[in-house]
J.: 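Pasting a structure here, questions to come.
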Amino acid sequence: MSPLTPPSPDPSITTTRRVPDKVSLDGLEDRWGTAWSEQGTYTFDAQAPAEQVYAIDTPPPTVSGSLHLGHVFSYTHTDVVARFRRMRGAEVFYPMGWDDNGLPTERRVQNYYGVRCDPSLTYTPGFVPPHEGTDGKAVKPGDQVPISRPNFIELCLRLSGEDEAQFEALWRHLGLSVDWSRTYRTISDEARAVAQQAFVRNLARGEAYQALAPGLWDVTFQTAVAQAELEARDYPGAYHRVAFHGADGPVFIETTRPELLPACVALIAHPDDERYQHLFGTTVTSPLFDVAVPVLAHPAAEPDKGAGIAMCCTFGDLTDVQWWRELQLPNRTVVGRDGRLERSTPDWLTTPGAQAVYAELAGKTTFSAREAVVAALRTSGDLDGEPTPTTRKANFYEKGDKPLEIVSSRQWYIRNGGRDGALRDALLARGEQIAFHPDYMKVRYDNWVGGLNGDWLISRQRFFGVPFPVWYPLDENGEPRYDAPLVADESILPVDPSSDVPVGYTAEQRGVPGGFIGDPDVMDTWATSSLTPQIAGGWRTDPELFAKVFPMDLRPQGHDIIRTWLFSTVVRSHLEFGQVPWSDAALSGWILDPDRKKMSKSKGNVVTPMGLLTEHGSDAVRYWAASARLGTDAAFEVGQMKIGRRLAIKVLNASKFALSFAADDEPVSLDPAAVVVPLDRAMLAGLADVVDKATEALEAYDHTRALEVTETFFWTFCDDYLELVKDRAYAADADPAGAASARAALAIALDVLLRLFAPVLPFATEEVWSWWRTGSVHRAGWPTSAPLRAAAGDAPFAVVGAAGSALAALRKVKSEAKVSMRTVILSATLQVPEALEQTVGLALADVRAAGRLQGDLAVQVAEVDVPVAVDAVLEQASA
RNA sequence: GGGCGAUUGGCUCAGUGGUAGAGCGCCUCGUUCACACCGAGGAGGUCACUGGUUCGAACCCAGUAUCGCCCACCA
C-alpha cells in the first residue's frame, strides 16, 4: 500500500449549496445504498497497481440461519478499516464470501425441509420437500424424509442461496463498502476447484496423507472430528471401584466408564509407584469377562488419579491411544461408529460367562451398557462400594451434544506441525510475521501451535461439502487399494468422485472388482475456508489479480477462531506459497448481553440486526460497534446506539447551520486565505491535531481512538466554536472580513470533519457531502493536517478553549440565575488564570456576542489559580 | 494446572509518571432565530486490595482477591 497524495482543499472549489429545509436520517440507507451501487463507489479497480491495493480477507459468514449482532459488530470494524484505507487512496479489495458448504448448512436443511440424506437413494427429479420453514422448531430426526444425495445438495444450494440474499440485504443496509461483484460461495464450483487443487498439491508434496488410526469420533453426526473442533465440557459421571483378579488377590481400579470393561487391554501404573511394583509383569483377569490382561508401567499414569492404576481400554480416551501405541497393545474395540456396543460378541471373550454378559450389552448405547455392566458387577461382587458421583471434563464436538468416542478409521490429514518440530517452528515463525491487533492475541496462536498433538484431520464423513478428488482402484476381491489412490489432475477440477470417472476407467467399472470407487468423504469446512485468500483472489482463474492481492493486508475475524480459521489459513499459505497470507490480523471481540454473558442465540433472536438498524439507523449501530476496541468484548447497549444516532443527527444539523450563513445562491468558499481571525485559525489548529491523531490511530487499527478524538473535537466545535462565531458569520455587512473568515473556517472544518466521520457514519456524512460537494465523500481523500496548519498559522488552539471557558462562565451565571441563555448581560468581569489572559483577549469580541453582552467586558487575572470565573450584571437583575 | 485480559462515579468505558475524565442516567434550568432524536449548568469516584520504587503512582514493580477468556485436564 502506498502513501497517497492527499487531497488538499482546493481553494478554487466553490459549490452552490442545496441544503434541505428539514434534515433527517430516515431513508438514507436506501437512498445512498442505491446510489453507491449504481455509481460503483466501492468497485475494486483491478487495473490499479499492486502497491496501491489493500486487500481484505473477509470472513465468509456461515450460512445456517441468520446473522446476529456479533456479525454486525465485527463486520463494522472491518468496514471502518476499508473505508479509511480507500480514502487514503488505496484501491481496496473487499470481497464478501458465504460459507455454505458445511455441517451447519446440512443441519439447517434437515430442519427446514424435514429431510435427511441417504446416499444409497437415487436422484428424484422435481422432488418437493415435505415441509418448508422451521416455524421456530426443528423437524425431529424420526420424521425426516430420506432423500438422495443429489436431492439433498439441491436443497442445500436452494436454501443457502435464499439465506445469502438476505445476508447481502442486511450488509448493504448496514453500509458495508463491499464490492458486491466479488462475492463467493464456498460450495461453488470455483471454491471446490480451489479446495481440491490445493489438496492435490498438498498431496503431491507429501503434505497431505491418509492414515488408518484411532481418532475422535462424533456418534451423532457420525464423522471424525479435528482437534481444533473440540470443546471440553463438564459432564456428569461416577467413579466405579472395580476389582480385577490377580494371583495374590484383587487389584482395584477406578473407572468412569465401566462399559469399556470388555475393551480392556491392560492395567497401567506409574513406573515409580511403590504400590504396584510387585504387579508389573504379571497378568490379571478382568471381572465379568475373564480376559487376561498384563499389568504394565508407563510414565503417563498418574499415581494420584483414581486408584493410581488405570484400566487401559481401546479406546476410552487419548491417553489410552498413547498407551496402545507405545506399549503395542492389542485393539479390542467394542464401541462402534454409531456409539453403540458391537452387535456380535467379540472373539476375545471366550468363556460362556463372558459371552452371556456381553449378550446383554450388544447393540446398547454406551449409557445403557454402563448400567448393565454396573448391575452385573454388583451381582458378581466385583464392584467395591457404590459409584461415587463426579463431574469430569469430556471432549465434545463443538456442535455436538454427546461426548466423543474414539474409533479407528481411515482419514485424510494435512501436516500442521503437530507431529513435526521443524514445521511447528516454521509456523510459529510465521506467527511472528503477522501483526495481531490487539497484539496480545498472538499468544493464543502460539499456545495453540505449541500445543498441537497431531496433524490436521481434514476428512469428514458427510455429504454436503467438497469431495476429495480421489478414487481407489479395486482389487480382484473388490477391496479398495488405499495405497494406490487415483488423484484427479488439476486441469479437470472440480470433480465429484461419486459421479465422475477416473482416467483410464469407464463408468461401468465403478464398484466392481478390478474397477474403482470414489473416495466417499468430504473436506472439513476449515479445509475450504483456510483458502479464502485463494478463492477470493482468483488463485486458479486470475493469476494477474492474485498477484496483486496476495499476500493480503488484513484478516479480520473473531478471537475464538484463531486456532481454526487463522491458523489453518497460515498453514495452507505456508505450505503453498512459503509466506504469510496477510500482514495484519484484526481480532474482534464478542457481544455480551447486559448480564455479561455471551449473547445466546435465543437472546440474539429477540433483537434482530435488521430491527436494530431500522429502529436506530445504520450510522447509530455502526457508532456503537466502532466504539468498542478490537479484541474487547462489548456489551449490547442500546444507549450507545442512541448516542450514535444523536451524533449523526448533530452532524446533519451542524452542517446545515455551518452552510447557512451565505445566501442560497452564493457559493461556499473553502479558501484558507480568507481565514484571518485568531479564533478561526485557532480552531483549525486544533482540527489539524485531530487529523493527525485520528490518522495515526487508524493506521494502527485503533478505530475507537480515532472516533473519540474526532467526536470530542466535534462537540467542542458545535457547543463552543459555532456559538462563538455565529453572530460574526451572519454579520457580513458590519464586518465583511470577519464574516468571510468565519464562513471559510466553518466550511474547511466541515469538509475535514465529514471525511473524518465518513468511515463510521457513512450515511450521514454522504448526505451532507451531497448538499455542497460533488462525488462521494467515500472516494474523497482522507484529510491531512498540513493545509490546516498552514491556514492556522501560529494561532494556538488554546484560544478556542479559553473563549469556550469564558462563554461557559457566562452561561453558568445565567444558569444559576435560572434565566434564559438569551438574557442580555449588561457588564461583566472575567477572572482568568494568568496563562489564559492573552488567549481570551484574542476572542473577546466573539465571547461578547455569544454571551449577549452589551456593556463592558473586563478581563482580570484571577488571584487564585481557578478556571475562568465571572462577575456579571444581568439585564433582569438590574431591571 | 499453565497462560492472557479485566477491575476507575449508578451504568458503559477513556485515561501508561505530574492537582481524577467522557457519555448515559440523575438534579436544576432554559429553548421553537441549526438541532426536543434539543441546549446550558450541576451533583457524584480514597481509580479492587496489600506492599514497594519515585519528589510525585490510576499508570511502573511484587503479591493478593474477584471476574472473563484461551490452553491443558476423560483412570
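In what follows, every chain begins at residue 1, and chains take the letters A, B, ... in the order their sequences are listed. Excluded from the calculations below are hydrogen atoms, water molecules and symmetry mates; all remaining heavy atoms, backbone and side chain alike, are included.
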J.: Is there a side-chain contact between A/Phe73 and A/Phe636 (heavy atoms, below 4.5 Å)?
T.: no
J.: Tell me what A/Tyr239 touches on the nucleic acid: a base, only sugar-phosphate, or nothing, going by heavy atoms under 4.0 Å.
T.: sugar-phosphate
J.: Contact class for A/Lys812 (heavy atom, under 4.0 Å): base, sugar-phosphate, or nothing?
T.: sugar-phosphate
J.: At under 4.0 Å between heavy atoms, what does A/Thr319 touch on the DNA or RNA strands: base, sugar-phosphate, or nothing?
T.: sugar-phosphate
J.: When you measure from the side chain of A/Lys818, which nucleotide among B/C69, B/C29, B/C73 comes out closest?
T.: B/C29
J.: How long is the line joining CD1 of A/Ile643 and P of B/C38, in whole Å?
T.: 11 Å
J.: Using atom CG of A/Asp560 as one end and atom C1' of B/G68 as the other, report the distance to the nearest whole Å.
T.: 14 Å
J.: Look at all strands and tell whether A/Glu302 reaches a base, only sugar-phosphate, or nothing, counting heavy atoms closer than 4.0 Å.
T.: base
J.: Within the structure, does a side-chain N or O atom of A/Lys650 lie under 4.0 Å from either OP1 or OP2 of B/G39?
T.: yes
J.: Please tell me if the side chains of A/Thr765 and A/Leu753 come closer than 4.5 Å, counting only heavy atoms from C-beta onward.
T.: no
J.: Return the nucleotide paired to B/C37: Watson-Crick means purine N1 to pyrimidine N3 with N6-O4 or O6-N4, wobble means G-U with N1-O2 and O6-N3, both under 3.5 Å.
T.: none
J.: Could you check which nucleotide pairs with B/C69 in any of the strands shown, counting Watson-Crick or G-U wobble with both distances under 3.5 Å?
T.: B/G3
J.: In Å and rounded to the nearest 0.5 Å, what is the CG to CG distance from A/Leu383 to A/Leu288?
T.: 10.0 Å
J.: Between A/Gln322 and B/C74, is there a side-chain N or O to OP1/OP2 distance below 4.0 Å?
T.: no
J.: When you measure from the side chain of A/Lys442 to the backbone N and O of A/Ala435, does any donor-acceptor pair fall under 3.5 Å?
T.: no
J.: Over 60° means perpendicular and under 30° means parallel, so tell me whether A/Tyr730 and A/Phe657 are parallel, tilted or perpendicular.
T.: perpendicular
J.: Which whole number of Å gives the distance between the P atom of B/U7 and that of B/G15?
T.: 10 Å
J.: Contact class for A/Arg822 vs. all strands (heavy atom < 4.0 Å): base, sugar-phosphate, or nothing?
T.: base
J.: Please confirm whether any donor atom in the side chain of A/Arg444 sits under 3.5 Å from an acceptor in the base of B/C4, or the reverse.
T.: no
J.: Which base sits across from B/G42 as a Watson-Crick or G-U pair, both distances under 3.5 Å?
T.: B/C26
J.: Determine the interatomic distance between P on B/C35 and the same-named atom on B/C69; round to the nearest Å.
T.: 48 Å
J.: May I ask you to decide if the ring planes of A/Phe714 and A/Phe757 are parallel, tilted or perpendicular, using 30° and 60° as cut-offs?
T.: perpendicular
J.: B/U28 and B/G44: how far apart are their P atoms, nearest whole angstrom?
T.: 16 Å
J.: Please determine if a side-chain N or O atom of A/Arg811 lies less than 4.0 Å away from the OP1 or OP2 oxygen of B/G39.
T.: no
J.: Can you tell me, in whole Å, how much space there is between the C1' of B/C4 and that of B/A57?
T.: 24 Å
J.: Report which part of the nucleic acid A/Ala658 touches: base, sugar-phosphate, or nothing (heavy-atom distance under 4.0 Å, all strands).
T.: nothing
J.: With a non-hydrogen cut-off below 4.0 angstrom, is A/Ala300 in contact with a base, only sugar-phosphate, or nothing?
T.: base
J.: Are A/Arg811 and A/Asp720 close enough, and set up right, to give a salt bridge (Lys or Arg N to Asp or Glu O under 4.0 Å), and what steps lead you there?
T.: CA-CA 11 Å; A/Arg811 284 169 179 158; A/Asp720 294 339; 3.5 Å; yes
J.: Classify A/Glu708 by what it touches in the nucleic acid, base, sugar-phosphate, or nothing, heavy-atom distance under 4.0 Å.
T.: sugar-phosphate
J.: Could you measure between the two P atoms, the one in B/C26 and the one in B/G21, and give it in whole Å?
T.: 23 Å
J.: If B/A58 has a Watson-Crick or G-U wobble mate with both distances under 3.5 Å, name it; if not, just say none.
T.: none
J.: At under 4.0 Å between heavy atoms, what does A/Cys313 touch on the DNA or RNA strands: base, sugar-phosphate, or nothing?
T.: nothing
J.: Hey, does the side chain of A/Tyr730 come within less than 4.0 Å of B/A34's phosphate (OP1/OP2), counting only N and O?
T.: yes
J.: With a 4.0 Å cut-off on heavy atoms, is A/Met821 in touch with a base, just the backbone sugar-phosphate, or nothing at all?
T.: sugar-phosphate
J.: Tell me the partner of B/U53, counting only Watson-Crick (N1-N3 plus N6-O4 or O6-N4) or G-U wobble (N1-O2 and O6-N3) with both under 3.5 Å; none if nothing fits.
T.: none
J.: In whole Å, measure the gap between the C1' atoms of B/A43 and B/A20 for me.
T.: 16 Å
J.: Using a cut-off of 4.0 Å on non-hydrogen atoms, how would the nucleic acid contact of A/Trp624 be classed: base, sugar-phosphate, or nothing?
T.: nothing
J.: Over how many whole Å does the gap from A/Glu259 atom CD to B/C74 atom P extend?
T.: 16 Å
J.: If you define the side chain from C-beta out and look only at heavy atoms, does anything of A/Gln227 sit under 4.5 Å from A/Leu452?
T.: yes
J.: With a 3.5 angstrom cut-off on both distances, give the Watson-Crick or G-U wobble partner of B/A20, or none if there isn't one.
T.: none
J.: Within the structure shown, what part of the strands sits under 4.0 Å from A/Ala307 by heavy-atom distance: base, sugar-phosphate, or nothing?
T.: nothing
J.: Nearest to the side chain of A/Trp590, which nucleotide is it out of B/C13, B/C69, B/G41?
T.: B/C69
J.: Take the protein atom CH2 of A/Trp715 and the nucleotide atom C1' of B/A40, then report the distance between them rounded to whole Å.
T.: 13 Å
J.: Pick base, sugar-phosphate or nothing for A/Asp719, based on heavy-atom distances below 4.0 Å to the nucleic acid.
T.: sugar-phosphate
J.: Take atom OH of A/Tyr623 and atom C1' of B/C13, then tell me their distance rounded to the nearest Å.
T.: 11 Å
J.: I want to check one thing: is the phosphate of B/G39, taken as OP1 and OP2, less than 4.0 Å away from some side-chain N or O of A/Arg646?
T.: yes
J.: Determine: side-chain N/O of A/Ser815 to OP1/OP2 of B/G42, distance under 4.0 Å, yes or no.
T.: no
J.: Taking atom P in both B/G41 and B/C61, compute the distance separating them and give it to the nearest angstrom.
T.: 39 Å
J.: Once you round it to whole Å, what is the distance between P of B/C70 and NZ of A/Lys442?
T.: 19 Å
J.: Could you work out the separation of B/A14 and B/G51 based on their C1' atoms and round it to a whole Å?
T.: 28 Å
J.: Sorted by first residue and then second, give each side-chain hydrogen bond (donor to acceptor under 3.5 Å, both in side chains) pair with at least one member in residues 635-654 of chain A; sequence neighbours left out.
T.: A/Ser627-A/Gln640
J.: Between A/Asp26 and A/Glu816, which is nearer to the 5' end of RNA chain B once each is assigned its nearest nucleotide?
T.: A/Asp26
J.: Return whichever of A/Thr256 or A/Arg629 has its heavy-atom-nearest nucleotide of RNA chain B closer to the 5' end.
T.: A/Arg629
J.: Scan A/Glu405 against the nucleic acid and name what it touches under 4.0 Å (heavy atoms): base, sugar-phosphate only, or nothing.
T.: nothing
J.: With a 3.5 angstrom cut-off on both distances, give the Watson-Crick or G-U wobble partner of B/U64, or none if there isn't one.
T.: B/A48
J.: Rounded to the nearest angstrom, tell me the gap between atom CZ in A/Phe567 and atom C1' in B/C70.
T.: 16 Å
J.: How many Å lie between CE on A/Met641 and P on B/C13, as a whole number?
T.: 13 Å
J.: Within the structure provided, determine whether A/Leu377 and A/Pro287 are in side-chain contact (heavy-atom separation under 4.5 Å).
T.: yes
